[in-house]
Visitor: 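Got a structure here, written out as structure tokens. Questions coming.
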Amino acid sequence: MGDREAILAAVTEKHELQHVETVDKAAPKIEADVKVGKSPMPDLLKEVTKPHELQHVETVDKAAPKIEADVHVGKSARPQLFAEIEQAKKE
């Protein structure tokens, strides 16, 4: 326990910090001839949020899964498994 108390005392005591000069090189480099234009986002948002007249479209959905005629789906065993797990927790 003595080591722990010594470490805690060393960490919590007041320390005099020294001033450090840094050179921040993380700033983005932008070329001198780069020009920033007006963002088209406000105009786009106005266009998207105003009411639009939609047209009816007929589609043929070919994305449906193809399930063979002889395939049968049984009852899931998960509820029984979860019940057994809960019962085992209580024991």
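Keep in mind that what you see is a predicted model, and the values were worked out from it rather than measured. Residue numbers start at 1 and run along the sequence shown.
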Visitor: With E21, which residues qualify under side-chain hydrogen bond (donor to acceptor under 3.5 Å, both in side chains), at least two apart?
Guide: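 So E21 forms a side-chain hydrogen bond (donor to acceptor under 3.5 Å, both in side chains) with H19.
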Visitor: Using a 3.5 Å cut-off and no angle test, enumerate the donor-acceptor pairs between side-chain atoms of residues 38-54 and protein atoms at least two apart in sequence or in another chain.
Guide:
from: S39; atom 1: OG; to: M41; atom 2: N; distance (Å): 3.2
from: E47; atom 1: OE1; to: K50; atom 2: NZ; distance (Å): 3.4
from: T49; atom 1: OG1; to: L45; atom 2: O; distance (Å): 2.8
from: T49; atom 1: OG1; to: K46; atom 2: O; distance (Å): 3.4
from: H52; atom 1: ND1; to: K50; atom 2: O; distance (Å): 2.7
from: H52; atom 1: NE2; to: E47; atom 2: O; distance (Å): 3.3

Visitor: In the hydrophobic cluster built from side-chain contacts under 4.5 Å, what are the other members alongside V36?
Guide: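 Members other than V36 - counting any ILVMFWY side chain reachable under 4.5 Å - there are none.
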Visitor: Quick one: side chains of residues 7-16, donor-acceptor pairs under 3.5 Å with protein atoms, not counting sequence neighbours, listed by atom name and distance.
Guide:
from: T12; atom 1: OG1; to: L8; atom 2: O; distance (Å): 2.8
from: T12; atom 1: OG1; to: A9; atom 2: O; distance (Å): 3.4
from: H15; atom 1: NE2; to: A10; atom 2: O; distance (Å): 3.1
from: H15; atom 1: NE2; to: E13; atom 2: O; distance (Å): 3.4

Visitor: Of all residues at least two apart in sequence or in a different chain, which pass the side chain to side chain contact (heavy atoms under 4.5 Å, CB included) check with K25?
Guide: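 V23.
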Visitor: Side-chain atoms of residues 65-83: list all donor-acceptor pairs with protein atoms under 3.5 Å, sequence neighbours left out, distances to 0.1 Å.
Guide:
from: S76; atom 1: OG; to: R78; atom 2: N; distance (Å): 3.2
from: Q80; atom 1: NE2; to: E84; atom 2: OE2; distance (Å): 3.4

